[in-house]
2 protein chains.
Amino acid sequence: MAAKATEQNPVPSVWARARPTSDQPSLSRTTIVREAIVMLDAEGIEALSMRKLGARLNAGAASLYRHVATKDELLELAVDEVAAELHVPSAGSGDWRTAVTEAARSFRAAALRHPWLPSVLGQVGLVYLGPHLMSFSERLAGLFVEAGLAEPSGAMDTVLSYVIGMSTTEAAWLSTVSRSGASEADFVARLLPAAQETAAGPGLPAGPREDITAAAADPAALREQKFAYGLEVVLDGLALRLNG
Amino acid sequence: MAAKATEQNPVPSVWARARPTSDQPSLSRTTIVREAIVMLDAEGIEALSMRKLGARLNAGAASLYRHVATKDELLELAVDEVAAELHVPSAGSGDWRTAVTEAARSFRAAALRHPWLPSVLGQVGLVYLGPHLMSFSERLAGLFVEAGLAEPSGAMDTVLSYVIGMSTTEAAWLSTVSRSGASEADFVARLLPAAQETAAGPGLPAGPREDITAAAADPAALREQKFAYGLEVVLDGLALRLNG
DNA sequence: GTTCGATGCGAACACTGTACGCAGATCGGA
DNA sequence: TCCGATCTGCGTACAGTGTTCGCATCGAAC
């Protein structure tokens with residue numbers, strides 16, 4: 001649009017020429033990645049397209065490819081950028097259990113803030129680790145080394161697998177809920193009859209059913225409690241291996 | 001093509017008219033889902049398109065929509081079809097730990113046979129459960145009820161989260177490896193220098209590095225051992241709650 | 001024999017990720 | 001001061017996607 005103006009207007013004003021095309025500080029890899037994350041958070045992973053992302057940055061789709069090789073690379077960069085939000089306490093500062101718990105909570109919190117993260121992790125994998133993810137896993141492993149566990153890397157993988165699995169499930173659930181437009185409690189209430197119908201017959205003795213009705217009351221609290229319970233289980237299992 | 005022939009050929013032969021368009025038993029929901037799984041297994045999730053799937057069934061893409069509402073629905077059907085491969089022992093037949101272990105191994109095996117499964121689960125979530133997934137989780141929950149655990153549903157979620165997280169990571173890894181064209185051992189060897197470079201500096205005392213070199217020797221065995229270790233940890237943590 | 005619902009499908013629509021090549025800006029050196 | 005070289009933005013195009021529409025064909029029921 002600006003280029004068209006300079007071409008059609010025979011009197012180039014200084015004001016028209018000042019910063020000809022860029023209102024923003026132009027394009028850069030970090031700008032692009034950050035805006036992609038904003039978009040992913042707001043509209044989910046299937047709403048992110050290079051054209052829409054470009055439009056948001058007052059740029060064309062092709063311009064993005066000057067700073068990012070491919071859309072998958074962009075997603076990897078976004079994952080690592082989000083990994084910068086993760087927090088794991090320094091080794092040597094108190095109880096290893098509370099430290100690991102804090103790291104785990106931090107991962108879950110990030111996954112719930114960015115529900116697209118688990119699904120991207122499921123496709124891209126943890127193979128080509130960016131610096132932030134690298135530092136996260138190194139610091140986490142350090143906690144288990146310090147705790148005196150015989151197999152620190154196995155311990156880390158166990159905890160990470162649990163945290164990833166739980167967060168993936170939660171994030172997928174939240175995505176579905178938000179896609180439905182209803183609140184979480186309403187969605188549970190709407191889902192309840194169908195679930196009971198399918199779960200009829202020689203099922204369980206009403207254990208899960210209490211579960212569901214409890215979820216209708218305060219779903220978020222129940223999810224948090226479930227996460228804490230499972231984490232405690234895993235940490236207990238690891239604690240048994242401390243003096244082995 | 002067949003339609004064109006009948007139109008142009010003024011002498012319709014019986015042989016040309018016999019089963020005019022269908023060599024296969026035509027199209028059906030199960031045929032479509034099964035072929036989709038074959039395709040997903042062979043070429044991965046991003047290679048599955050409605051047109052290619054239709055072509056494989058000697059059909060057009062539009063025909064598939066007579067039996068399947070949308071591609072996402074097709075994926076959900078594929079997930080539940082795969083869930084039919086899962087095996088969990090009946091409650092009351094022996095030790096609950098070995099029973100749960102078998103169910104977990106069965107899940108992992110299915111995820112490695114169908115590496116696209118975890119990534120689909122990450123997007124679709126476990127919300128609208130099909131009958132097979134439903135039966136799997138019911139039977140699994142039954143094992144924990146029978147074991148006498150105070151919170152069977154929490155226990156099940158813990159184990160499932162661990163299994164899902166580990167399987168997701170493994171499947172994503174295997175997908176990346178197979179995309180690279182190399183064998184797993186070769187891929188590890190090629191990745192080793194880069195990992196060591198990034199992991200340099202004030203890192204760990206050589207714990208993870210042994211890990212990597214061990215992986216180069218027999219990667220599949222190491223993965224299996226890691227899975228078993230973590231599962232044992234989780235089950236130990238649950239066992240502590242048996243007499244609570 | 002005729003109508004009717006189910007099925008297959010060619011063509012089209014609105015998108016997608018990405019490659020190519022041109023325009024303009026910026027900058028180091030002569 | 002000018003001149004190339006290099007970098008950045010982007011219009012356009014290509015091949016492919018999921019999905020819809022309307023038409024053709026079919027087997028069965030009346």
Would B/Lys226 and A/Thr158 count as having a side-chain donor-acceptor pair, cut-off 3.5 Å?
no

Per-nucleotide protein contact string for nucleotides 14-23 of chain C (B base, S sugar-phosphate only, - none; heavy atom under 4.0 Å):
--BBBB-BB-

List the residues meeting ring-ring contact (aromatic ring centres under 6.0 Å, His included) with B/Phe227, not counting sequence neighbours, and say none if there are none.
B/Tyr162

Distance-only polar pair, side chains of A/Glu85 and A/His132, donor-acceptor under 3.5 Å:
no

Is the distance from OP1 or OP2 of C/dC9 to the nearest side-chain N or O of B/Ser63 less than 4.0 Å?
yes

Do A/Ser49 and A/Lys71 have side-chain atoms, one donor and one acceptor, less than 3.5 Å apart?
no

Salt bridge (Lys or Arg N to Asp or Glu O under 4.0 Å) between A/Arg108 and A/Glu224, intermediate numbers included
CA-CA 10 Å; A/Arg108 183 180 102 107; A/Glu224 205 160 320; 3.5 Å; yes

Rounded off to whole Å, could you give me the CD-to-C1' distance for the B/Glu43 and D/dG16 pair?
15 Å

C/dG8, OP1 or OP2 - any side-chain N/O from B/His67 closer than 4.0 Å?
yes

Whole-Å distance, B/Leu53 CG to C/dG8 P, equals 13 Å

Might you work through the side chain to side chain donor-acceptor pair (under 3.5 Å) test for A/Glu102 and A/His87, ending with a clear yes or no?
CA-CA 8 Å; A/Glu102 181 164 344; A/His87 172 61; 3.2 Å; yes

In whole angstrom, give the distance that lies between atom CG of B/Leu64 and atom C1' of C/dG10.
14 Å

